[in-house]
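Some notes on the structure that comes next.
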Amino acid sequence: MQTYQNQSIQIYNSLSGKKEVFKALNEGHIGMYVCGPTVYSNVHLGNCRTFMSFDMIFRYFKHLGYKVRYVRNITDAGHMVDDAEDGEDKIAKKARLEQLEPMEVVQRYTLDFHNTLEKFNLLPPSIEPTATGHIIEQIEIIKDIFEKGYAYEANGSVYFDVAKFNETHDYGQLSGRKLEDMITNTRELTAQDDKKSPQDFALWKKAEPQHIMRWPSPWGDGFPGWHLECTVMSTKYLGETFDIHGGGMDLKFPHHECEIAQAEASYGKSPVRYWMHANMLTLNGKKMAKSTGNNILPGEIFTGENELLSKPFSASVVRFFMMQAHYASILDLSDDALLASEKGFTKLMEAFASVGALNTGDKSDFDIKSWEQKCYDSMNDDFNTPILISHLFEAVRHINLIKEGKEDISQLDRDNLQLTLNNFIIDVLGLEPNATNAADTEKLSGVVEMLIQFRKDARENKDFATSDKIRDQLADLGIQLKDGKDGTTFSVN
RNA sequence: GGCAUCGUGGCCGAGUGGCUAGGCGCAGCUCUGCAAAAGCUUGUACAGCGGUUCGAAUCCGCUCGAUGCCUCCA
């Protein structure tokens, strides 16, 4: 029997606007699609938060014993830009500026993306398809939508006819918009090209002669519209209806709305059972975005080379910081908040590391079973990691009390505690103990233990000048001595 | 302008009709040669104004403020 059969998960479904009990389409299996990045520049920390949120969700499902197929795409075909160079796609533009082949840009930033996510300890998705690898499928679905009467061709481009679609379907169901409101409220747009209506969106876009990324199609050389790849790739790998579709909140409209329209137009049914949206990471109270430059790069966090930061922070600390907020809430990044998280993270990890060495007794003052269920309950309630973490700190308190001999724990409970902490801290939250070279750690440990012994001798001889010198100089090196009931331990910053 | 979301104690951040979230910081205490670490104790917070209710931070209305989307964006 798998763990998931004992746990009932509630998910906030953006489509209904309510928390719903999650039920997998196929018992024991979950299909999850998450909109990935457009690889035309370095991933910033805001991007990372979204992928980290879904990584946590992926991890939890796996922990519960589900077989999960997690698909996260790479958008390498570029999208339209809205500034002066109208009609040019982002990747092509970047390529020309840097005198690179488009696929060279794609390669560079895909690598950066992967490297960064690896630092944050994200699990790779099951499939990571690219838009350029699915041009044929995209052309096929355009033909299908065309035949069903929801698309029209204009000057070598193909557009989705939103008004036509809305006659028989509900365009705007996800974002809570009404087509008539959108028509009356549409802002003035400069490049309105060949669309019948501003609400229509491109399925296929004609490539101008200078446009580098282009493919042949029944409508001439061009490139696919930016909503299409997700429809095509999610369907290809997960089926016409699948369990979960995720992405950043900023993709809700129009991107996800258009995905629903395309899928309903082509397959005649709603593609997704649970829509999930991760909220924005803000900087100075404003959304991080590539286009506005209001962002911070992961590399700047790791080196501390940013005027907002007083020091560098490890990837795990940043991950812990993000896990202390609910995925659907806006989270504001600041030096103070990271500093506070770092302290909490260290406290948590030190307690976790010490569980195995806890002295055991005949009884336990800590009800592990009910505590464990509280951990599951918090995750089952729409993946509430901040609540989970509050329960983890409850365990930390007990661990420290046991260490001081003020509470007892049985051996069985200690083992269960260690296992459960490992499940949630390592497997579900994806946190990592500070990575250090094992061989170096062993040597360092030997040296520090030696100094601890010298200090102990000095203290026994009441030579406090020497003992304090050892303690203070080690502290200057970032090694903190901790005098406890059963002798002195140390930790390295 | 339209559509949303949000406004919680010094800071971050959960919760959401009555019952302690948690982390960081601050203060006191215990421990200590002195510290640190650890533990214990302490916060009577929910933007403002009305309303519903036996009871609201939590529901409703209005006001103010912030953010997001409406145009590429995680």
Side-chain angles (χ1 to χ4, degrees), chain A residues 17 34-38 40-41 43-54 75 78-83 89-90 172 175-178 181-182 184-191 198-199 226 246-255 257 277-282 285-292 295 320-321 324-326 328-334 336-345 347-348 350-351 378 381 384-394 396-397 399-401 403-404 406-407 459 462-464 467-468 471-472 475 480-485 488-491:
Chain A
V34 171
C35 292
T38 305
Y40 66 91
S41 64
V43 260
H44 65 249
L45 207 57
N47 299 307
C48 295
R49 159 129 108 137
T50 296
F51 301 125
M52 203 183 282
S53 295
F54 288 104
T75 298
H79 291 333
M80 307 295 293
V81 290
D82 69 331
D83 53 21
D89 90 31
K90 277 184 173 167
S175 53
R177 287 155 211 255
K178 290 193 171 60
D181 293 343
M182 285 160 59
T184 51
N185 291 315
T186 300
R187 284 201 223 155
E188 288 295 318
L189 293 178
T190 44
Q199 283 71 43
W226 70 284
M249 197 71 96
D250 50 352
L251 297 183
K252 200 171 179 181
F253 187 90
H255 184 56
E257 201 70 75
H277 290 95
N279 220 133
M280 301 293 101
L281 181 69
T282 60
K286 295 256 195 283
K287 177 192 173 187
M288 278 193 205
K290 292 176 187 174
S291 50
T292 59
N295 62 41
F320 180 73
F321 162 71
Q324 277 185 301
H326 187 80
S329 297
I330 293 170
L331 175 63
D332 194 55
L333 184 91
S334 69
D336 283 349
L338 284 171
L339 250 14
S341 288
E342 184 171 54
K343 290 214 172 183
F345 175 71
K347 187 172 160 184
L348 174 67
E350 284 184 2
S378 56
D381 185 12
N384 200 323
T385 53
I387 295 292
L388 169 65
I389 289 171
S390 78
H391 295 321
L392 296 180
F393 276 107
E394 190 192 336
V396 168
R397 196 167 54 82
I399 291 165
N400 287 327
L401 283 167
K403 241 190 274 185
E404 290 193 355
K406 290 177 181 168
E407 282 193 2
R459 291 177 71 195
K462 304 241 187 281
D463 180 5
F464 297 124
S467 68
D468 288 356
R471 180 180 70 194
D472 296 343
Q480 185 190 34
L481 298 185
K482 298 172 179 180
D483 297 328
K485 195 165 167 285
T488 303
T489 57
F490 72 98
S491 66

In the structure shown, which nucleotide is the Watson-Crick or G-U wobble counterpart of [N], with both distances under 3.5 Å?
N	value
B/U58	none
B/C31	none
B/U44	none
B/A66	B/U5
B/U53	none
B/C24	B/G10

Rounded to whole angstrom, note down the [atom1] distance from [N] over to [M].
N	M	atom1	value
B/A4	B/A27	C1'	43 Å
B/A36	B/U32	P	14 Å
B/U16	B/C11	P	23 Å
B/G7	B/C60	P	14 Å
B/G68	B/U20	C1'	34 Å
B/A45	B/A56	P	14 Å
B/G13	B/G22	C1'	8 Å
B/G18	B/G61	C1'	24 Å

Nearest whole angstrom, please: distance from the [atom2] of [N] to the [atom1] of [X].
X	N	atom1	atom2	answer
A/Met288	B/G68	CE	C1'	15 Å
A/His326	B/U5	NE2	C1'	13 Å
A/Lys287	B/A74	NZ	C1'	8 Å
A/Met249	B/C70	CE	P	13 Å
A/Leu331	B/U67	CG	P	16 Å
A/Phe321	B/G13	CZ	P	7 Å
A/Leu348	B/A38	CG	P	12 Å

Does [N] have OP1 or OP2 under 4.0 Å away from a side-chain N or O of [X]?
X	N	value
A/Lys343	B/G25	yes
A/Thr38	B/A74	yes
A/Lys286	B/G68	no
A/Asn384	B/A14	no
A/Ser329	B/A14	yes

If you look at every strand shown and take non-hydrogen atoms under 4.0 Å, does [X] touch a base, only sugar-phosphate, or nothing?
X	value
A/Leu401	sugar-phosphate
A/His391	nothing
A/Met280	base
A/Lys347	sugar-phosphate
A/Asp468	base
A/Gly36	sugar-phosphate
A/Lys290	sugar-phosphate
A/Gly172	nothing
A/Gly46	base
A/Asp483	base
A/Glu404	base
A/Leu339	nothing
A/Arg397	sugar-phosphate
A/Leu281	base

- Could you say whether A/Ile387 or A/Glu350 is positioned toward the 5' end of RNA chain B, judged by the nucleotide with the nearest heavy atom to each? A/Ile387

- Item | Earlier contact from the 5' end, RNA chain B, for A/Phe345 and A/Ala278 | A/Phe345

State whether a side-chain donor-acceptor pair under 3.5 Å links [X] with [Y].
X	Y	result
A/Thr282	A/Asp332	yes
A/Asp483	A/Thr488	yes
A/Glu350	A/Ser491	yes

So, the side chain of [X] versus the backbone of [Y]: is there a donor-acceptor pair under 3.5 Å, distance only?
X	Y	value
A/Thr385	A/Leu388	no
A/Ser53	A/Arg49	yes
A/Ser341	A/Leu338	no

- Query: Does any donor-acceptor pair link the side chain of A/Arg471 with the base of B/A35 at a separation under 3.5 Å?
  - Reply: yes

Side chain of [X] only, heavy atoms from C-beta on: which candidate in [options] is closest?
X	options	value
A/Arg459	B/U32, B/G2, B/G22	B/U32
A/Lys90	B/C73, B/G13, B/C69	B/C73
A/Ala340	B/C24, B/A36, B/A21	B/C24

- Item | Stacked cation flag A/Arg177 on A/Phe253, 6.0 angstrom / 45 deg | yes

- Message: Would A/Phe464 count as stacking on B/G33 if stacking means ring centres less than 5.5 angstrom apart and planes tilted under 30 degrees?
- Response: yes

- Message: Ring-plane angle category for A/Trp226 and A/His255, please: parallel below 30°, perpendicular beyond 60°, tilted otherwise.
- Response: parallel

- Query: More than 12 non-hydrogen atoms from neighbouring residues, nucleotides or ligands closer than 6.0 Å to NZ on A/Lys178, yes or no?
  - Reply: no

